[in-house]
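Structure first, then comments.
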Amino acid sequence: MLFNSMEFWAFFAVVAGLYFLLPHRLRWVLLLVASAGFYMRWNALYIVVIMVSGLIDYVCGLVLGDSLAAPHPERRAGQRLRVLAVSLTLNLAILFVFKYWDFFHDSVSVLAALGGLVYRRPDLELLLPVGISFYTFQSMAYTIDVYRGDFPKPERHVGMFALYLLYFPQLVAGPIERAANLLHQLRMPQTFDYARIVSGLQLALWGLFKKTVVADRVGLYVDMTYVEPDQHSGITLLLATYAFAFQIYCDFSGYSDIAIGVSRVLGIELMKNFDRPYFSTSIRDFWRRWHISLSTWLRDYLYVPLGGNRGSELFTYRNLMITMLLGGLWHGASWNFVIWGGLQGLMLSVSRATLDQRTELWNRLGVLAFVRDGIRMVICFHLVCLSWVFFRAATLGDALEILQRIATMSGPLFVDAVTFAHGAVGVAVLLCAEALQSQVGSLRQWLEPQPWPVRWAVWYALGAMIVLMGVQTGSQFIYFQF
Amino acid sequence: MGQRELLLLLMFLLGAIALDQGVGQTLQALHHRLDGRIANGDVKVQAVATLPEVDLLVFGDSRIRGGVDPEVVQAQTGMATYNAAFDGRGTLFARGLQAIRLARGRKDRCYALSVEVIDLYEPRLLRQTPLLPYLSESPVILELAGAADPWAPVKAWSLSWRYNSLLPEIVRRTLIPTRDLAPSGFRPNHVKWDLRRLPPHSPLGAFTDGSSVPQRVDPLAEHTLTEFVRDAREAGVRVVLFTSPMHRNQQLPLQPGELEPVRKLARDWLSEFARQEGIPYLALDEENLPDLRGPELYTDQMHLNAQGAARFSERFADAALAACAR
């Protein structure tokens, strides 16, 4: 059930209607049943994987919580660490089996072949459960938070804990929530707040615009070109790479907006996941704005425990590289994603290493602040696009071919006029809205005091664009595969 | 929710409905005013819908749009011919076009329908949107839209939705005088690919079910062809099925050596289908037309260029004349 399908909106209308009709004490049951049904529309059997993953962390959380509450918890440090290790090992083992099995064995097979050996992959023939990386990370974050004492009172209600993992708006593609933010909201009684519901639906409409009008439309062009890069010119592939930058942003942030919007209707506020990433002036800035729930997860549960920047510069670069390489691998079981993560790590390290020199250079040049920021945005956007080539290309060979062709810029430009016209309008509207956002903050709050004809015209225009220009074939969200 | 909010919500919804109807009506008016001689693009449906009755109406995809020149056919056979082929659309789309013409009472003498391998095994469900403006003219259009999107009957309540994806083309054609007019519907292919650079096979993989040879003809494809023939027969229009030549098949992502068995399978099935329906099937492939084998006749692996189209049109004309006369 995709957020951009009529089926989902019919489902959501029923769930939201029942939610406000039912007494508070029964609402969690409704949400749990609805969430399970939502997930099982993809693959009914794979709900077992979430349940196993959840049960591990539920039990580990209880043990950790009890040991923390017991007298002299410091004496139980070893036991606590063992419980945490059990939870992390089992969660990562599940992730490995379902997501990285083939990748690992294929890589071993390649290595064996280099050494003149034959290694056959044990074929498990498992499908990748939708959203496995998201809910596994969310589940692991819970146990780590309990272990650290950041979430000292673990959830004892097994149904509520199941809902924490299964909550349908963010189940399959995030935002990756923290227990401290989500669990207490699930328990809170919610009233029918007209203003909040309207605000949630408006955000969902904006997400739907991003997905159907921008992402899916420019995605048609990206698919046409990236599928056979050796048949396209450098200029075409460059344009397709720009298009992919907007496709992946609007696909994922569109999903996040719909998730946050529908959850807001139910009175549960999810964390912000994107903050106009293509307005970033550096790679560091980009990672503060892109997939915030993952970047903060990686920061809190990987980068900081590795030592973060609490050592020599070299030590910090090592930590950055490890974090981003694993962050890349989180996205998918392919060397392309590892290279993508490695590039991000490298760019973050270089950005950090050259920060002083770059600041001095800009000061010496004495250019106006907005010109400087504009140039930095363009550079940052292109660096990100460079890494997107590896993210999108089907194989490493394709990625290198694309970069080689872009470097030579040879051949004619191939453009599908209708797709391009639709996509250009969508991207222009998006950029104008985000530029305005950078000036006024929240667009919805900015619209609030405007006369009603202005407000309504904006939402009507957005709706009309979705109806007239949106791709309505219900295509998958890219991040579902992760 | 208070009374004021309820009133506002009601007004907003009424406004949305009014806007939808207004935009839809405007686009409908603009669409109907477009030049009927447009040869390319999605708004060509309007040209097909308004075309007077002809002797031979040719349906197919881009291989036929740039492969059959009605002027050549007409000069050779005397049959008034129109090329109603659309890029990227196959038999499903042809069924929609047929439904619109029959609903308007336009009974042509003969239909020549090109059937591609992909149309038999993995019919092109998507991209039926150019037919949506004619939703009210025939239930077939909604049936076709519903095959791709089960929610199409609900979406069809929106008048604007029927113009989904057509807006830029309608606006462009309305504002800018159309240059690529072609009264016959034919538009030759000009794109030149370097054939030596093309890979031996597409990297897309085999059929979506994982097999390299399709197991069976898609039920929707068979149903569509059967209905196409039935409706034509009831209207007194003759039907000719045909397949056309290619330099090398790129349309189905097959490994080298896997192509011919699939094409043969498709030809055999079409032949048997035509026999059962009592209609002619013309296997106008390069196998039967040796003079259409050279790469100099193609712009790429599957599209004839202008020279190839002229030659193919001659062969097609002879065969079509005989078949339509049967």
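Keep in mind it's a predicted model, so treat the numbers as computed, not measured. These values consider heavy atoms only, across backbone and side chains, with no hydrogens, waters or symmetry-generated copies. Chain identifiers are assigned alphabetically (A, B, ...) following the order of the sequence lines, protein sequences preceding nucleic acid strands; residue numbering begins at 1 within each chain.
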For B:S165 and A:R217, work out which heavy atoms get closest and say how close. OG-NH2, 3.1 Å
Starting at OH of A:Y194, measure out to CG of B:L8 and round the result to the nearest 0.5 Å. 5.5 Å
Which pair of heavy atoms, one from B:V154 and one from A:M6, lies closest together, and at what distance? CG1-CE, 3.4 Å
Let me confirm one number: the CD-CG distance from A:E7 to B:D149, rounded to the nearest 0.5 Å. 10.5 Å
Assign the ring pair B:F12 / A:Y460 to parallel, tilted or perpendicular, where the plane angle (0 to 90°) is split at 30° and 60°. parallel
Interatomic spacing from CH2 in A:W452 to CE in B:M11 - rounded to 0.5 Å: 5.0 Å
So CG of A:L468 and OG of B:S158: to nearest 0.5 Å the spacing works out to 7.5 Å
Neighbour count above 12 (heavy atom, 6.0 Å) for A:W206 CH2: yes
Would you mind checking which part of A:I466 comes under 4.5 Å of any heavy atom in chain B, side chain (CB onward), backbone (N, CA, C, O), both or neither? backbone
Using non-hydrogen atoms only, which part of A:A10 is less than 4.5 Å away from chain B: side chain, backbone, both, or neither? side chain
Heavy-atom pair with the smallest gap, counting every atom of A:G470 and B:N164: O-ND2, 2.9 Å
